[in-house]
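Heads up: the structure comes next, in structure tokens.
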Amino acid sequence: MNAFQGTWRDQDGATISVSEENNHATLKYDNGRGPFHGIEIDLGSPVVNVNFTDGVQPAAGVQAGVMNFAKTTITWSNETVWKRV
């Protein structure tokens, strides 16, 4: 699917690179956080489950990210929002 692949910016201004292969996503922040790994599934709209293992807020633990229809934002289950760069 690769719907999440690309460059994103979170609500704090950090840039995150997402690469995908065979529905497995790898996320890495430009500030050195990560890499974090997840799995993309399609539940009518793309969803990615990622385990943010470093314990840093706002995205600590397993989070589900749902992409909007236009594929321009990801809204995470902890209410963090990323916008496509």
Side-chain angles (χ1 to χ4, degrees):
M1 290 173 31
N2 296 337
F4 294 90
Q5 187 163 311
T7 305
W8 299 86
R9 184 159 293 122
D10 71 12
Q11 55 205 34
D12 295 325
T15 301
I16 306 99
S17 297
V18 179
S19 60
E20 291 186 87
E21 186 173 332
N22 299 322
N23 296 341
H24 291 272
T26 302
L27 292 72
K28 185 154 179 57
Y29 282 74
D30 64 347
N31 64 7
R33 280 187 71 196
F36 304 109
H37 302 282
I39 296 176
E40 179 183 352
I41 56 176
D42 191 343
L43 299 174
S45 55
V47 176
V48 64
N49 286 319
V50 177
N51 189 5
F52 292 90
T53 55
D54 64 356
V56 175
Q57 293 295 330
V62 177
Q63 299 292 330
V66 179
M67 184 173 291
N68 72 336
F69 181 74
K71 298 185 178 179
T72 58
T73 63
I74 302 170
T75 301
W76 293 93
S77 53
N78 67 355
E79 301 181 10
T80 298
V81 176
W82 292 2
K83 295 183 185 263
R84 193 178 290 277
V85 175

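Residue numbers run from 1 in the order of the sequence given. All values below come from the heavy atoms of this structure, side chains included, with hydrogens, waters and symmetry mates left out.
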Flag for Thr53-Asn51: side-chain donor and acceptor within less than 3.5 Å: no
What residues, two or more places apart in sequence or in another chain, satisfy side-chain hydrogen bond (donor to acceptor under 3.5 Å, both in side chains) together with Thr75? none
Do Leu27 and Val50 have side chains that get closer than 4.5 Å, going by heavy atoms? yes
Ring pair (Phe, Tyr, Trp, His ring centres under 6.0 Å) filter on Trp76, not counting sequence neighbours, yields Phe52, Trp82
Using the side chain to side chain contact (heavy atoms under 4.5 Å, CB included) rule, take Thr26 and Phe36 through it: C-alpha gap first, then chi angles, then the decisive distance, then the call. CA-CA 6 Å; Thr26 302; Phe36 304 109; over 6 Å; no
Could you measure the distance from the CG atom of Asp10 to the OG1 atom of Thr15? Nearest 0.5 Å is fine. 8.0 Å
Should Ile16 and Lys28 count as side-chain neighbours, where that means a heavy-atom distance under 4.5 Å? no
When you compare the side chain of Val66 with that of Ser45, does any pair of heavy atoms fall below 4.5 Å? yes
Could you check whether any side-chain heavy atom of Asp54 comes within less than 4.5 Å of a side-chain heavy atom of Arg33, counting everything from C-beta outward? yes
Hey, are the side chains of Thr73 and Met67 touching, using non-hydrogen atoms and a 4.5 Å cut-off? no
So which atom in Ala3 and which in Arg84 form the shortest heavy-atom distance, rounded to 0.1 Å? O-NH2, 3.0 Å
Under a 3.5 Å distance rule, please check whether Asp12 uses its side chain to pair with a backbone N or O of Ala14 as donor and acceptor. no
Atom pair CD1 (Ile74) and CD (Gln63), whose distance is rounded to the nearest 0.5 Å: 12.5 Å
Can you tell me how far the CD atom of Gln11 sits from the NZ atom of Lys83, to the nearest 0.5 Å? 9.5 Å
Taking Gln5's backbone N and O only, do any of them form a donor-acceptor pair with Glu20's side chain (distance below 3.5 Å, no angle check)? yes
Same hydrophobic cluster for Ile39 and Val47, using side-chain heavy-atom links shorter than 4.5 Å among ILVMFWY? yes
